Structures are given as structure tokens and as C-alpha cells.
Protein chains: 4
Amino acid sequence: MRADARRNRDRIVEAARAVVAERGIDAPMELIARRAEVGVGTVYRRFPDRHALIAAMADQYIHEIADALTRAEESGDGAMAAVRSFVVWCGDQGRGALAAALADLPQELFEEMREFVTVRANMVERLEALVATAQERGEMRADVGADDLMALLNIFACHPTPRGEHYLRIMLDGIDNSSRHH
Amino acid sequence: MRADARRNRDRIVEAARAVVAERGIDAPMELIARRAEVGVGTVYRRFPDRHALIAAMADQYIHEIADALTRAEESGDGAMAAVRSFVVWCGDQGRGALAAALADLPQELFEEMREFVTVRANMVERLEALVATAQERGEMRADVGADDLMALLNIFACHPTPRGEHYLRIMLDGIDNSSRHH
Amino acid sequence: MRADARRNRDRIVEAARAVVAERGIDAPMELIARRAEVGVGTVYRRFPDRHALIAAMADQYIHEIADALTRAEESGDGAMAAVRSFVVWCGDQGRGALAAALADLPQELFEEMREFVTVRANMVERLEALVATAQERGEMRADVGADDLMALLNIFACHPTPRGEHYLRIMLDGIDNSSRHH
Amino acid sequence: MRADARRNRDRIVEAARAVVAERGIDAPMELIARRAEVGVGTVYRRFPDRHALIAAMADQYIHEIADALTRAEESGDGAMAAVRSFVVWCGDQGRGALAAALADLPQELFEEMREFVTVRANMVERLEALVATAQERGEMRADVGADDLMALLNIFACHPTPRGEHYLRIMLDGIDNSSRHH
DNA sequence: CATGAATGAGATTTCATTCAT
DNA sequence: AATGAATGAAATCTCATTCAT
């Protein structure tokens with residue numbers, strides 16, 4: 001029953017993302033269970049409490065972002081271009097609710113989220129490298145760090161808007177020394 | 001006893017802002033009542049339900065913003081400068097929780113919030129004028145409207161950050177044609 | 001509504017005693033509420049959690065015992081007789097379940113039960129005096145203290161038995177130097 | 001595989017005793033299973049429900065007591081001495097939780113516990129003989145039967161106390177005609 | 001009018017028990 | 001036979017809202 005259990009675990013995380021997207025981070029566990037077509041008990045077997053479930057979603061989330069950064073790095077169009085394409089990818093996805101949910105997670109919870117913290121740190125490091133390169137080449141303004149980029153991306157992720165993509169471009173234009181408006 | 005009642009009403013709204021700032025929009029009504037040194041019953045006499053109370057906070061909030069715009073207009077340093085100073089003021093204040101609360105208020109509620117909607121509309125109109133002027137003078141990029149500014153301000157208001165002011169300036173630099181980075 | 005509230009509080013404690021007597025210390029709060037003809041919410045308004053309710057029962061209980069001791073003291077038949085009549089009274093009452101419940105209360109809870117602890121201490125002190133007098137007069141064996149009496153009474157209280165009174169008498173005969181069996 | 005199964009059965013009963021001692025009669029079945037290093041399913045295969053498991057523990061328990069009585073009988077120091085040594089042995093052991101658990105087992109369950117009932121009956125009979133002899137010799141007060149002794153022992157077993165042995169001795173002194181206090 | 005007591009629906013979490021593998 | 005995953009009923013506790021005083 002290992003396989004079954006694994007499948008259920010994934011279904012639960014998936015369901016949780018969907019429900020959190022619709023109802024926010026406080027959505028009843030029962031709803032998540034029902035969405036995953038599973039009893040509440042099963043949810044609690046896999047995730048001892050709500051936080052554990054959130055942590056699992058966060059892990060998935062950060063992995064997706066890290067993967068996006070990898071793809072941007074590998075596109076081979078130069079540092080600033082990689083930053084641009086990463087930023088655009090981030091703005092593109094429908095992750096608003098989850099981002100927002102994570103954003104107002106009590107700080108202390110992150111201390112138990114090893115996986116998340118590690119992956120995130122690694123990703124910021126790689127972004128740091130891109131930023132440094134872009135700045136050395138004079139393509140990016142100097143008073144912005146990878147942390148700032150992440151913070152900005154997060155802020156925008158938390159507030160999905162019809163014109164969101166436009167705003168991200170404004171942000172990039174505020175950062176990118178080589179861009180001049182149309 | 002009219003005066004007493006008025007005083008109570010104000011105390012309640014004040015208390016609600018404080019409590020919402022600390023505990024989020026879902027803070028227990030009882031807490032708000034206690035902060036206002038009033039029974040829950042009194043809160044419910046003034047505000048038939050939670051939404052009514054939020055609406056009242058929103059009114060106060062929008063008035064403060066409108067006043068800030070007025071001050072910016074009157075500073076007499078030109079359209080773009082006025083926009084800048086208004087934007088910075090907005091980013092400066094500790095209104096995160098309230099902004100966020102208003103942001104995820106169900107859309108239909110605004111229909112009953114006459115005062116709020118009116119004041120907001122008037123303010124957007126005035127901001128529109130500033131934007132038009134700045135754009136005519138070539139000081140502001142053309143693909144940004146007063147609505148966008150409001151949306152951006154709101155987004156940042158919802159996410160107070162140590163470096164928030166910095167981020168706003170980045171956004172302004174993305175908008176302001178006359179700025180070139182240091 | 002002060003009077004109503006007070007009445008309710010008392011009904012709840014009364015109901016709790018009855019329900020605990022029937023179903024043990026883990027009886028559902030809902031049952032207690034129903035027995036008191038009150039909503040669960042009301043129970044939780046008066047007693048923030050289960051422990052607070054138990055503490056209230058314990059207070060009542062210890063007061064009843066303390067009163068019994070007072071009556072025994074005032075009977076004026078001498079120290080050993082007072083001890084005897086107190087012990088018999090204790091064995092007589094139908095407090096088994098409550099005694100048992102209190103007996104397996106985690107030790108740390110007593111630290112918050114000021115009233116209970118104080119009353120109990122005062123009572124043990126008075127019993128100590130009786131014991132000392134009886135022992136000075138050679139009426140009671142010397143290696144038994146008030147603490148021991150309380151412990152013994154408690155043990156018997158926790159196990160109501162048809163022949164309970166008989167057992168208490170055996171115990172007294174084990175303690176009372178002046179008694180010789182029939 | 002019969003041997004394996006038997007071994008498992010024993011491990012489960014052993015684990016159950018340990019867990020019940022620590023966590024009381026309501027300890028989760030899963031905990032017992034884990035302690036026995038066995039799946040819950042296995043526990044339920046051996047013992048259809050919680051009561052069956054308790055009954056098994058009771059069997060063990062009563063056998064131990066019966067054995068103690070046998071040893072006391074065989075000590076050859078006379079009836080009253082045998083009673084004394086049996087009583088003291090019973091009071092000595094750390095079986096509180098189990099005794100208490102059995103004490104509040106619904107009466108009807110005993111009807112299905114053939115083994116337990118039989119062993120117990122046999123033991124009471126033997127104790128009866130000792131008591132009769134002691135009473136004939138005038139060593140024990142006449143209004144106490146083997147049933148009373150068992151009840152008393154049970155009561156004390158249910159309430160382990162630092163001074164428990166002392167209390168048992170007091171009881172014995174209340175029973176033993178030949179004893180006069182120090 | 002103000003108060004705060006009462007209500008009860010709803011959310012979280014735990015476990016006994018069943019059953020697929 | 002053994003395992004441990006799944007289930008769902010039950011228990012605890014919290015709060016929005018109503019209403020007696």
C-alpha cells in the first residue's frame with residue numbers, strides 16, 4: 001500500500017493548493033480532505049497538523065520557482081535576460097493565494113521547514129550570482145539585491161491583477177539600466 | 001446622549017483599526033469591543049455586522065489618502081513631483097493590515113459603501129489630472145494610468161517591508177522618464 | 001443579568017458533579033452543558049477549559065470536607081471521637097467519582113488551584129491538631145499523621161463499596177489504641 | 001508459525017501492561033501496537049477489541065496474585081502470618097494502573113472472562129480457608145471475610161502511594177487480634 | 001441605550017476499528 | 001498472517017451574533 005499512500009499524499013497536497021487558492025490559508029481541513037476524496041483522518045495521518053500541510057505546499061512551491069530559475073539560467077541569453085525571463089515567469093503563474101498564504105505564515109514556522117529554507121537559500125544564491133554579473137556589466141542598477149528581487153516578486157505574486165504583468169515590466173524597467181521606455 | 005453615541009462610534013472604529021492591525025481582519029469582535037472599552041452589544045448596535053465596521057474603517061482610510069493627495073497637489077512642485085510625494089506618503093504609513101483587509105473584501109460589498117466609493121472616485125479623478133499633466137510634459141511614461149498607480153500603491157500597502165520605500169522608488173524610477181539611476 | 005449568570009454558574013458546577021459521578025472525569029463537556037440545560041458556549045464562558053471546571057468542583061468538594069471537620073471539632077466529644085466522626089462522615093458521602101477524578105488530576109494543575117490548596121492546607125492543619133491531642137492522650141497510635149488520614153480517606157473515597165463503612169471502621173480500629181474488637 | 005503467533009500474543013499483552021501503566025486504560029491501541037513492535041492490525045487479529053486485550057491482562061494479573069497466595073501458604077508460618085505476607089506482597093507491586101483499569105471494567109465483561117473468574121474463585125477459596133483458620137485460632141477478627149480482604153487489597157492496589165505499605169499494615173493491625181501497636 | 005450572557009454552528013484534532021495489499 | 005492506510009465519529013474549543021436585563 002506504499003503506492004496508494006504516496007498517491008494519496010500527492011492528491012492531498014494538490015487539493016490543498018486548490019482549496020487554499022479559492023478559500024485562503026484558513027480553509028477548513030475537511031474541505032481539503034473532501035477535495036482530495038479522502039477522509040479527514042487521512043489528511044491528519046500524513047500531516048500531523050495544518051502547518052505540516054502548509055509546509056508541504058511550500059516545498060512544492062519553492063521547487064517550482066527554483067526550477068524556473070534553472071530554466072532561466074540555462075536559456076543562455078545573458079544575466080539580465082535571465083533575470084527578466086525569471087521575473088516574467090514568476091509573474092505569470094496563478095500562485096497568488098499560495099504566495100499570500102505563505103507570506104503571512106508566522107515567522108517561527110519557517111524554522112521547522114528545513115526543505116523549504118534550504119531550497120530557497122540555494123535559489124537566492126544563484127539569483128545573487130546573476131544579479132552580480134548583470135551589475136558588473138552595468139546592465140542592472142547597483143542598489144538592488146537578489147533578496148530585493150525575491151521580495152518584489154513575492155509582493156506581486158501575492159496580488160494577482162489583470163495588469164500584473166505590466167507592473168512587473170515597470171519594475172524591471174526601474175531596475176534595468178539598458179531599458180528606456182517606448 | 002448623541003455626543004456619547006458619537007464618541008462611542010469613533011472609539012469603536014479606532015479600536016477596530018488597532019486590533020485589525022495586530023490580529024488581522026478576522027480578529028474577534030469581542031476583542032475590538034474590549035479595546036474600545038465597550039460591550040459587544042454596543043459594537044453591533046452601531047455596525048449591524050462585521051462588514052459595516054470594515055466599511056467604516058475604509059471610509060476613514062480613503063479620507064486619509066485623499067487628504068494626502070490634496071497636500072501633494074498643493075506642494076506646488078509640479079505634477080510628477082506631486083505624484084512622487086503622494087506615492088511615498090502612501091508607502092510610508094503603517095496601514096498594511098487594513099489595506100490588505102480591504103483588498104480581500106468581497107467586491108459586492110463596495111456597492112453599499114457609498115461614501116468610500118465617492119471619495120475614491122473623486123481622488124482618482126484628481127490623480128488622473130496629475131498624471132495627464134505629467135505625461136503631457138513627457139515626465140511620465142505614457143502607458144501608466146491613475147488606476148495603475150492606485151493598484152500599485154495598494155499592492156505595496158498590503159505588504160509592509162523594511163525596504164518598502166526603496167521598492168516604491170524603484171517602481172517610480174520605472175515610471176518616471178526624467179529619472180536615470182545613480 | 002448578574003443573578004442569572006451566577007445561577008448558571010452554579011448549575012454548571014452541579015451538573016458537572018453529577019455527570020462526572022456517572023461518566024468519570026473525561027465526560028464530554030457537551031453532556032455537562034446539556035445536563036445544566038445550557039449551551040456548551042456558556043460552559044466555556046464560565047470555565048475557559050476543562051481544568052477550570054474541575055477546579056471549581058474541587059473547591060466545592062474541599063469546602064464540604066472542611067465543613068465536616070468543623071462540625072466534628074465542635075461536637076465536643078474529645079479529639080479521638082472527633083476524628084472518628086469526621087472519618088465516618090467522609091466515608092458516608094457519595095463522592096467517589098469526584099474524589100477519584102481529583103486523584104488522577106496531573107499534579108501540576110493543583111498549582112493553579114489556589115482556593116483548593118489553601119482550604120485544604122488549613123483543614124489539614126486543624127486535623128493535625130486533633131491528631132496531636134489524641135496521640136498525647138495515648139488514644140491514637142503515634143505513627144499516623146493527618147496527612148496519612150487524608151490519604152486513607154481519599155483512597156476509600158475513590159472506591160465506594162457496599163462494605164466501605166466497615167472498612168473505614170477497620171482502619172479506625174487499626175489506629176485507635178482504645179478500641180478492642182467486639 | 002504457531003510459535004511466532006504465540007510470541008506476538010505475549011509481546012502484545014506485555015506491551016499493553018507497560019503502556020497502560022504509563023498512560024492509563026485509555027491508551028491508544030496504536031501505542032500498544034508500536035510498543036509491541038507490531039502493526040495495529042495484528043493486535044486486532046489477536047484481540048477482537050480493547051476489552052479482549054484487557055481481559056488478557058487481567059488473566060495474567062490474577063495468575064500472579066494466585067501465585068503469590070500459593071507462596072504465602074507454603075511459607076509455613078501459620079495462617080495469620082500467611083495472610084500478612086500475602087497482603088504485603090499485593091501492596092508491594094507496581095500494578096496500580098492495571099488494578100484500577102480492571103476495577104472500572106463494566107461488570108458484564110467478567111462474564112466472558114472464564115479464565116479470570118475461575119482462577120479468582122479458586123484463589124478466594126484458598127484465602128477463605130486461611131481466614132477461617134486464623135479466626136478459629138482467634139488471631140483474626142471475626143467480621144472480616146476473604147472477600148473483604150480482596151476488596152481492601154484491590155482498593156489499595158488502585159492507589160499506589162509512597163506510604164502504601166504503611167497503610168496496609170494499619171489495616172492489618174485493625175484485623176489482627178494478636179497485634180498491639182508499638 | 002449599553003451591557004455582557006447565552007447560544008450553537010463550525011473548525012481542529014484524535015483514535016478505535018476496518019480492510020486493501 | 002501481518003501490516004499500516006483509511007475512515008469517520010466524537011470531543012474540544014472558538015466566535016459571530018442575538019437578546020434578556
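Within every chain, numbering begins at 1; the chains are lettered A, B, ... in the order of the sequence lines, protein sequences first and strands thereafter. Heavy-atom basis, side chains included; hydrogens, waters and symmetry copies ignored. Keep in mind that what you see is a predicted model, and the values were worked out from it rather than measured.
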Nearest-nucleotide check on DNA chain E, D:Pro48 vs C:Val40; residue mapping nearer the 5' end is C:Val40
What pair of heavy atoms forms the shortest contact from A:Ile32 to A:Ile12, and how long is it? CG2-O, 4.1 Å
With a 4.5 Å heavy-atom cut-off, do B:Gln60 and B:His63 have their side chains touching? no
A:Glu30 CD - E:dT14 C1' separation (whole Å): 14 Å
Looking at C:Arg50, I'd like to know whether one of its side-chain N or O atoms comes within less than 4.0 Å of OP1 or OP2 on F:dT12. yes
Bracket string, DNA chain F, 5' to 3' - pairs by Watson-Crick or G-U geometry under 3.5 Å, | interstrand: .||||||||||||||||||||
Residue closer to the 5' end of DNA chain E, D:Pro28 versus A:Asp49 (nearest nucleotide): A:Asp49
Return the orientation label for the A:Phe110 and A:Phe116 ring planes: parallel under 30°, perpendicular over 60°, tilted otherwise. tilted
Checking all strands, does C:Val38 fall into the base, sugar-phosphate, or nothing category for heavy-atom contacts under 4.0 angstrom? sugar-phosphate
Taking CG from B:Asp26 and C1' from E:dA11, how many angstroms apart are they, rounded to a whole number? 13 Å
For B:Gly41 and D:Val43, find the nucleotide of DNA chain F closest to each by heavy atoms; which residue's nucleotide sits nearer the 5' end? D:Val43
Identify the residue among C:Met57, C:Arg120, C:Glu115 that makes a side chain to side chain contact (heavy atoms under 4.5 Å, CB included) with C:Ile62. C:Arg120
Could you check whether A:Ala27 gets within reach of a base, just the sugar-phosphate, or nothing at all, counting any heavy atom under 4.0 Å? sugar-phosphate
What nucleic acid atoms does D:Arg46 come within less than 4.0 Å of, heavy atoms only: base, sugar-phosphate, or nothing? sugar-phosphate
Have a look at D:Ile54 and tell me which of D:Leu98, D:Asp49, D:Ile25, D:Asp59 forms a side chain to side chain contact (heavy atoms under 4.5 Å, CB included) with it. D:Ile25
Rounded to whole Å, please give me the gap between CZ in A:Arg7 and C1' in F:dA6. 14 Å
Between C:Arg45 and E:dA5, does any side-chain N or O lie under 4.0 Å from OP1 or OP2? yes
Rounded to the nearest angstrom, tell me the gap between atom CZ in D:Arg34 and atom C1' in E:dC15. 12 Å
E:dT14, OP1 or OP2 - any side-chain N/O from A:Tyr44 closer than 4.0 Å? no
Just N and O in the side chain of C:Thr42: are any of them under 4.0 Å from OP1 or OP2 of E:dA5? no
Do D:His159 and C:His159 have side chains that approach each other closer than 4.5 Å (heavy atoms only, starting at C-beta)? yes
Output the rounded distance in Å from CG (C:Asp4) to P (E:dT3). 19 Å
Between E:dA2 atom P and B:Glu37 atom CD, what is the distance in whole Å? 15 Å
Distance-minimising heavy-atom pair for A:Pro28 and A:Arg50: N-NH2, 4.3 Å
Whole Å only: how far is the CZ atom of D:Arg6 from the C1' atom of F:dA1? 17 Å
With a cut-off of less than 4.0 Å, is there a side-chain N or O of D:Asn8 near OP1 or OP2 of F:dA2? yes
Length of the line joining C:Leu53:CG and F:dT12:C1', which is rounded to integer Å: 13 Å
Contacts of type salt bridge (Lys or Arg N to Asp or Glu O under 4.0 Å), residue A:Glu22, not counting sequence neighbours: A:Arg35
